[in-house]
Number of protein chains: 4
Amino acid sequence: MNTLPKSQQKRDALVKATIRLVNNNGFHATPMSKIAKMAEVSPGTIYLYFKNKQDLVNQIYIEVKAAFSEFAFKDYKEDLTVKEGFKNIWKNIAEFKLKEIEEAMFLSQCDNTPIIDEPSRQEGLKHLQPLLDLMERGQKEGIIKPVSPYMLYAFSIYPIAFFMKLQERAIFKLTRENIEEAYEMAWNSIKV
Amino acid sequence: MNTLPKSQQKRDALVKATIRLVNNNGFHATPMSKIAKMAEVSPGTIYLYFKNKQDLVNQIYIEVKAAFSEFAFKDYKEDLTVKEGFKNIWKNIAEFKLKEIEEAMFLSQCDNTPIIDEPSRQEGLKHLQPLLDLMERGQKEGIIKPVSPYMLYAFSIYPIAFFMKLQERAIFKLTRENIEEAYEMAWNSIKV
Amino acid sequence: MNTLPKSQQKRDALVKATIRLVNNNGFHATPMSKIAKMAEVSPGTIYLYFKNKQDLVNQIYIEVKAAFSEFAFKDYKEDLTVKEGFKNIWKNIAEFKLKEIEEAMFLSQCDNTPIIDEPSRQEGLKHLQPLLDLMERGQKEGIIKPVSPYMLYAFSIYPIAFFMKLQERAIFKLTRENIEEAYEMAWNSIKV
Amino acid sequence: MNTLPKSQQKRDALVKATIRLVNNNGFHATPMSKIAKMAEVSPGTIYLYFKNKQDLVNQIYIEVKAAFSEFAFKDYKEDLTVKEGFKNIWKNIAEFKLKEIEEAMFLSQCDNTPIIDEPSRQEGLKHLQPLLDLMERGQKEGIIKPVSPYMLYAFSIYPIAFFMKLQERAIFKLTRENIEEAYEMAWNSIKV
DNA sequence: TATGAATGAGGATTCATTCAT
DNA sequence: TATGAATGAATCCTCATTCAT
């Protein structure tokens, strides 16, 4: 109903505010009124851009997920070797999760919580395909272990989420050096 | 054959109901009244066992976390080799997360969401110590990579959570065989 | 869900308050909060007795309609002559509409407005049956004009509603004498 | 062929839309925005023609009431006999209520509901005067029953409203024949 | 201990109205 | 005149918590 960018500025402010507040308090503990206040907008204005609260998070989830995969595959090309391609993608994912912490934490909360509705969840899922394709190629070339792609993902990509959470709580920070170590561990876990 | 005192039965029912409902709906979307109904108890009764809603999840979180680590380290002994010890613990953690899905999902939601208060979160954290100690021992023995324990954890243990979520959504199920594969990948990622 | 008389007093007060306020302001212009206040009850309490605002008026409509027809046919018996029976019923209806003005006005507003949902409207309709039966009997006996029952109703019963409205606005009041005149006009309009 | 000034066209569209929507949903359940949409006009535009929502219905009520009585008395002349005059008026009223159902239903809802303010209501009332005058003349001539004019109205004119509602709900339709019957019943109820 | 009716603060959403363009 | 984005007060309803029994 309201996907037109009437005033992109206001919509952006709402998105930003929602991400921050949901990160800090959770979906159900962030009132629309607080979102409006942080976005310096009237509560009623939210409903010019989003149908309701559910639609608000759904839209944000899909958009952030899209931005994430855009970033993840930004410099991936078909003609890279499997190893180069994987390194590219892994580094990008790590960079996104450790730099765009707010967005990444928001995705994490959505993915670990029943706040996103099923269609949006599905929508968000399809973005991984290029990575899965790459891994399959690696398997055909005999470079990557012939196991389920879920397993490959679990041991190579998924751990990055753990670093993100540690970093967000200021418990542990990936530095230039140990990010290289981490990448090596990731690659070793999937390479033949 | 249930010889627990009546009150313990009620408390148990409340805990069970809370876990299930929070898993399905999230903390803020599960009313106390629904918990009471599912536990076949009056809403007022909840407050005989728990100070308030926050206290309810806090207590459950701590208890489930304790049960989890109890299970994880149940057959761990100091005189096992590092490799044997790690295998023990890894298998137990996997078994818990894949068998006691409700409890494990509950922990996951608590850990990815701002519903648990900080003291309880700290309380839950200390349970990992034996594993960290074991890893440190492995490093001293030159068996385990000399990197941050967080890194070791991220690549060996954390991936299990991913399998749990896949299994819960019936997307992918670890079988007897590929759980062995998974364990190998975990060990390979941390061994020297 | 809540048809049990937990505290009939509170429910009665709510019904009374709703009727009065809806009469004065219309359905959509009477907030639940005002109903609660007039009934000296908390807003939340309304929802112990009624599912929502719509259910509130629906239930009241059905109940008042039932009370109305109960009253209308209270001393009607099958063995009365058609003329006696009609007089009985007509007088009762008139008495109800002119004495229980609040209830009658409430029914009138519901019947002239799209505030009642269709099922409740149907529910309310069936109460007229005994009168229609009587009229049919009268037609068979050759005492009452052989025209559509709707026509008989329109010219004999329906006019009473007009007197009710006049009375409510203090424009005109049926007295003991002219109520007799009115009855005569009603009977003359349908008798052969 | 519509040569009305553009602004008049807009006002007409607003009036039409309001009547239809208020008929279907009631005054308070028809948002200004919906009226605007149905009239293919911006919400803000409504306020160029009407001071506010109350003024909107007030004006429409008065206008429709005027149109109604215009129609009712359109071929009434002082030199007709009482009987001829009454027949004229009655037939016109019936024609209006059964043909211009939307307008007639709107009036009915306004007259049975507290949505019109008192001044407008008074304004609408005065239109009946010619009919009352005619009846009084009939009484003086000894043709019409010497009872309150309200009584005469209640039994001769008011029943038409009942037919209108039946027709609107497709329950009963006055045909050419029984409209004659109805008229006879009306006349019989007031004639001496 | 246990109940569950009652409370009332809080939150999502709607909508009459305004105002800058 | 006409627009429609923006406002924010008002409204329905939920739900954590209490308390009399």
Side-chain angles (χ1 to χ4, degrees), chain A residues 2 4-7 9-11 28-37 40-56, chain B residues 5-8 10-11 27-37 39-56, chain C residues 2 4-7 9-11 28-37 40-56, chain D residues 5-8 10-11 27-37 39-56:
Chain A
N2 263 306
L4 306 173
K6 292 166 193 177
S7 158
Q9 267 193 350
K10 284 201 172 118
R11 213 194 99 109
H28 288 287
T30 73
M32 295 298 257
S33 57
K34 232 183 251 179
I35 295 174
K37 199 163 289 173
E40 293 183 302
V41 140
S42 159
T45 301
I46 301 180
Y47 295 87
L48 296 176
Y49 297 92
F50 305 95
K51 220 167 66 213
N52 52 37
K53 199 181 178 186
Q54 184 64 58
D55 182 50
L56 172 62
Chain B
K6 202 114 190 261
S7 66
Q8 187 60 43
K10 278 189 180 145
R11 213 195 97 109
F27 172 61
H28 287 287
T30 72
M32 295 297 258
S33 58
K34 232 186 247 180
I35 294 173
K37 197 165 289 172
E40 293 182 303
V41 138
S42 157
T45 302
I46 301 181
Y47 293 85
L48 298 176
Y49 296 91
F50 304 95
K51 217 167 75 227
N52 53 37
K53 200 182 178 186
Q54 184 63 58
D55 181 50
L56 171 63
Chain C
N2 264 303
L4 305 174
K6 291 167 192 175
S7 160
Q9 268 192 350
K10 284 201 172 116
R11 213 194 98 108
H28 288 288
T30 74
M32 296 298 257
S33 57
K34 231 183 254 180
I35 295 174
K37 199 164 287 172
E40 293 183 301
V41 140
S42 160
T45 301
I46 301 180
Y47 296 87
L48 296 177
Y49 297 91
F50 305 96
K51 220 166 69 218
N52 51 40
K53 200 181 178 187
Q54 184 64 59
D55 182 50
L56 172 62
Chain D
K6 201 115 191 257
S7 67
Q8 188 60 43
K10 278 188 182 147
R11 212 195 99 109
F27 172 61
H28 287 286
T30 73
M32 296 296 258
S33 57
K34 233 186 246 177
I35 295 173
K37 196 164 290 171
E40 294 181 304
V41 138
S42 156
T45 302
I46 301 180
Y47 293 85
L48 298 176
Y49 296 92
F50 306 95
K51 215 167 78 227
N52 52 36
K53 200 182 179 187
Q54 184 64 58
D55 182 49
L56 172 62

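Chain letters run A, B, ... following the sequence lines, proteins first and then strands; every chain starts at 1.
Distance A:Asn52 CG to F:dC12 C1': 16 Å, rounded to the nearest Å. Between the CD1 atom of B:Ile46 and the C1' atom of F:dA16 there is a distance of 10 Å, given to the nearest Å. One can place CZ of B:Phe50 at 18 Å from C1' of F:dT18, the figure rounded to the nearest angstrom. Atom pair A:Met32:CE and F:dA10:P shows a separation of 20 Å (rounding to whole Å applied).
Nearest to the side chain of D:Thr45, among F:dA2, F:dC15, E:dA6, sits F:dA2. Listed nucleotides: E:dA2, F:dA5, E:dA12. Nearest to the side chain of A:Leu48: F:dA5. Nearest to the side-chain atoms of A:Ser42 among the listed nucleotides F:dG8, E:dT13, E:dA2 stands F:dG8.
You'll find the side chain of B:Leu48 stays beyond 4.5 Å of the side chain of B:Lys10, heavy atoms only.
Taking 4.0 angstrom as the limit, D:Lys10 places a side-chain polar atom (N or O) nearer than this to OP1 or OP2 of F:dA2. Taking side-chain N and O atoms only, B:Tyr47 has no distance below 4.0 Å to OP1 or OP2 of F:dC19. Contact between the side-chain N/O atoms of D:Ser33 and the OP1/OP2 oxygens of E:dC15 is not found at any separation under 4.0 Å. When the side-chain nitrogen and oxygen atoms of A:Lys53 are compared with OP1 and OP2 of E:dG11, none of them lie within a distance under 4.0 Å.
Here C:Asp55 contributes atom CG and C:Tyr47 contributes atom OH; the two are 10.5 Å apart, rounded to the nearest 0.5 Å.
E:dT7 is paired with F:dA16 under the Watson-Crick or G-U wobble criterion, all donor-acceptor distances under 3.5 Å. A 3.5 Å limit on both hydrogen-bonding distances identifies F:dA10 as the Watson-Crick or G-U partner of E:dT13. Across all strands shown, F:dT21 pairs with E:dA2; the Watson-Crick or G-U wobble distances both stay below 3.5 Å.
Here the options are C:Lys53, C:Lys51, C:Met32, the test is side chain to side chain contact (heavy atoms under 4.5 Å, CB included), and the partner is C:Ile46; only C:Met32 passes.
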